[in-house]
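FYI, side chains are in, hydrogens and waters are out, and symmetry mates aren't considered; it's all heavy atoms of this structure. Along the sequence shown, residues carry numbers from 1.
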Amino acid sequence: MKIVFATNNQHKLQEVRHILGRRVEVLSLNDIGCHDDIPETGTTLEENARQKAEYIWQNYHCDVFADDTGLEVDALGGEPGVYSARYAGEGHDSEANMAKLLQKLGDNDHRRARFRTVIALIQKKDICPCGCTSIRQEHLFEGIVEGEITRQRSGVGGFGYDPIFRPDGYEQTFADLGEEVKNQISHRARAVKKLCDYLLK
C-alpha cells in the first residue's frame with residue numbers, strides 16, 4: 001500500500017515510517033513532486049490537517065494523510081496550540097519557541113501540558129469489486145500524551161519542544177528518552193497507530 005504523507009519534515013517522516021514499518025509505503029511531498037506552499041490557515045489542529053490533506057487530494061489525486069500537532073499548556077490557556085511551530089514568529093525556530101514558552105511560564109508551578117496530534121486521512125474506496133465505482137472517504141485520528149513543561153532544556157534528541165516536555169510516567173524529557181521510546185509513547189505514535197490499524201484492517 002502506498003500513501004502520501006503531506007509533509008517534507010524529515011523528523012516527522014522518519015518517525016511515521018519507523019512506526020508503520022514496511023506495512024505501508026509512505027511517500028513525502030518531494031516524492032510526488034509537490035513543492036507548493038500548502039496553506040495552513042485553520043484555527044484548530046483539525047482544520048489544518050484537513051486543509052493540507054484536501055490540497056494534495058485535489059491537486060495530486062492520490063490517497064493522502066496530513067497531520068497537525070500542537071503543544072497545549074494549561075497555565076497559558078492552551079497556548080501555543082495550533083501556533084506551536086511558529087509561536088515566536090514565522091521562522092519555525094524551535095529554540096526561539098522554547099525560549100518564549102519558558103519565559104511566559106516563568107516561575108509558575110502549574111506546568112501541566114499535553115501534546116496533541118490530529119491526522120486527517122482522505123482516500124479512495126472502491127464500492128464495486130471491479131473498481132468501476134469509487135467514493136472518497138475521510139477520517140480523523142487523534143493522539144494525546146499528557147505531561148509537564150520542565151524549567152530548563154534537557155536532552156539533544158527529538159525536535160520542536162521535546163527538550164522541555166516530560167511525559168507522565170517518565171523522569172526524562174522526550175529529548176532525553178530517545179527515538180525508540182518516544183516512537184512508542186508519543187502523541188504522533190498514538191495517532192499513527194490508530195491510522196495504521198484503520199489502513200490495515
Kindly indicate, with the supporting measurements, whether the criterion salt bridge (charged side-chain N to carboxylate O under 4.0 Å, His left out) is fulfilled by Glu138 and Arg136. CA-CA 7 Å; Glu138 299 179 39; Arg136 151 193 173 134; 2.7 Å; yes
Keeping the roles fixed (side chain from Asn108, backbone from Leu105), state whether a donor-acceptor pair exists under 3.5 Å. no
Taking side chain as C-beta onward, heavy atoms only, is Tyr55 less than 4.5 Å from Asp36? yes
Could you label the plane-to-plane angle of the Phe115 and His187 rings as parallel, tilted or perpendicular, counting under 30° as parallel and over 60° as perpendicular? parallel
How about Lys12: does its NZ atom have over 12 heavy atoms from other parts shown lying under 6.0 Å from it? yes
Glu171 atom CD: more than 12 heavy-atom contacts under 6.0 Å: no
Can you tell me how far apart SG (Cys62) and CG (Leu27) are? Round to the nearest 0.5 Å. 8.0 Å
So do Val73 and Glu79 actually touch side chain to side chain, heavy atoms under 4.5 Å? no
Could you identify which residues cluster with Leu140, counting Ile, Leu, Val, Met, Phe, Trp and Tyr as linked when any side-chain heavy atoms lie under 4.5 Å apart, either directly or through a chain of such contacts? Leu45, Val82, Tyr83, Val118
Which residues pass the side chain to side chain donor-acceptor pair (under 3.5 Å) test with Arg116, not counting sequence neighbours? Glu46, Glu72, Glu142
Show the nearest heavy-atom pair for residues Ala66 and Ala53, with the distance to one decimal. CB-N, 3.6 Å
Would you say the side-chain atoms of Asp68 pair up with the backbone N or O of Ala49, donor to acceptor, closer than 3.5 Å? no
For Arg111 and Glu148, indicate whether the former's side chain and the latter's backbone hold a donor-acceptor pair under 3.5 Å. no
Side-chain contact, heavy-atom cut-off 4.5 Å: Thr117 with Val192? no
Go through the steps to decide whether Gln123 and Leu199 satisfy the test side chain to side chain contact (heavy atoms under 4.5 Å, CB included), and finish with yes or no. CA-CA 10 Å; Gln123 62 179 166; Leu199 290 175; 3.8 Å; yes
Would a hydrophobic clustering, with Ile, Leu, Val, Met, Phe, Trp and Tyr connected at side-chain separations under 4.5 Å, put Phe65 with Leu13? yes
How close do Pro167 and Phe174 get, heavy atom to heavy atom, and via which atoms? CG-CE2, 3.8 Å
Are any of the side-chain heavy atoms of Ser154 and Gln172 separated by less than 4.5 Å? no
Taking Thr173 for its side chain and Arg166 for its backbone only, find out whether a donor-acceptor pair lies under 3.5 Å. no
I'd like to know whether Glu47 forms a side-chain hydrogen bond (donor to acceptor under 3.5 Å, both in side chains) with Gln51, so could you lay out the CA-CA distance, the side-chain angles of the two residues, the decisive distance to 0.1 Å, and finally the verdict. CA-CA 6 Å; Glu47 287 176 4; Gln51 190 175 37; over 6 Å; no
Do Lys100 and Tyr87 meet the cation-pi criteria used here (NZ or CZ under 6.0 Å from the six-membered ring centre, within 45° of the axis)? yes
Looking at every non-hydrogen atom in both residues, tell me the closest pair between Asp168 and Gly147 and how far apart they are. OD1-CA, 3.3 Å
Should the pair Arg17-Glu25 be classified as a salt bridge under the 4.0 Å nitrogen-to-oxygen rule? no
May I ask you to decide if Leu71's main-chain N or O and Arg114's side chain share a donor-acceptor pair within less than 3.5 Å? no
With a 4.5 Å limit on heavy-atom distance, are the side chains of Leu121 and Gln137 in contact? no
Any ion pair linking Lys2 and Asp31 (charged N to carboxylate O, less than 4.0 Å)? no
Distance alone, cut at 3.5 Å: any donor-acceptor contact between the side chains of Asp176 and Tyr170? no
Do Asp63 and Lys124 meet the salt-bridge criterion of a basic N to acidic O distance under 4.0 Å? no
Go through the side-chain N and O atoms of Ser94 and Asn97 and say whether any donor and acceptor fall under 3.5 Å apart. no
Please test Asp109 against Arg151 for side chain to side chain contact (heavy atoms under 4.5 Å, CB included), starting from the C-alpha separation and ending with a verdict. CA-CA 9 Å; Asp109 290 329; Arg151 294 185 179 274; 2.5 Å; yes
What pair of heavy atoms forms the shortest contact from Asn48 to Glu40, and how long is it? OD1-C, 3.4 Å
Can you hop from Leu177 to Ile164 via hydrophobic side chains spaced under 4.5 Å? yes
Check whether any side-chain N or O of Asn8 sits under 3.5 Å from a backbone N or O of Asn30 as a donor-acceptor pair, and report yes or no. yes
Within one Ile-Leu-Val-Met-Phe-Trp-Tyr cluster: Met1 and Tyr60, side-chain cutoff 4.5 Å: no
Path from Ile3 to Phe141 over hydrophobic side-chain contacts below 4.5 Å: yes
Can you tell me if Ser186 uses its side chain to pair, donor with acceptor, with the backbone of Asn183 under 3.5 Å? no
Single-linkage hydrophobic cluster, 4.5 Å side-chain cutoff, Leu76 and Phe165 together: yes
What verdict does the side chain to side chain contact (heavy atoms under 4.5 Å, CB included) test give for Ile38 and Leu29, after you've listed the backbone C-alpha separation in whole Å, the side-chain angles of each residue and the deciding distance to 0.1 Å? CA-CA 10 Å; Ile38 301 176; Leu29 293 177; 3.8 Å; yes
When you measure from the side chain of Tyr161 to the backbone of Ser84, do you find a donor-acceptor pair of N or O atoms at a distance under 3.5 Å? yes
Between Pro39 and Lys52 the two heavy atoms that sit nearest each other are O-CG, 4.1 Å
Could you label the plane-to-plane angle of the Tyr198 and His139 rings as parallel, tilted or perpendicular, counting under 30° as parallel and over 60° as perpendicular? tilted
Would you name the heavy atoms of Ala191 and Gly143 that are closest together and state the gap between them? CB-N, 3.6 Å
Are Arg153 and Met98 close enough, and set up right, to give a side chain to side chain contact (heavy atoms under 4.5 Å, CB included), and what steps lead you there? CA-CA 9 Å; Arg153 298 168 179 79; Met98 284 190 286; 3.8 Å; yes
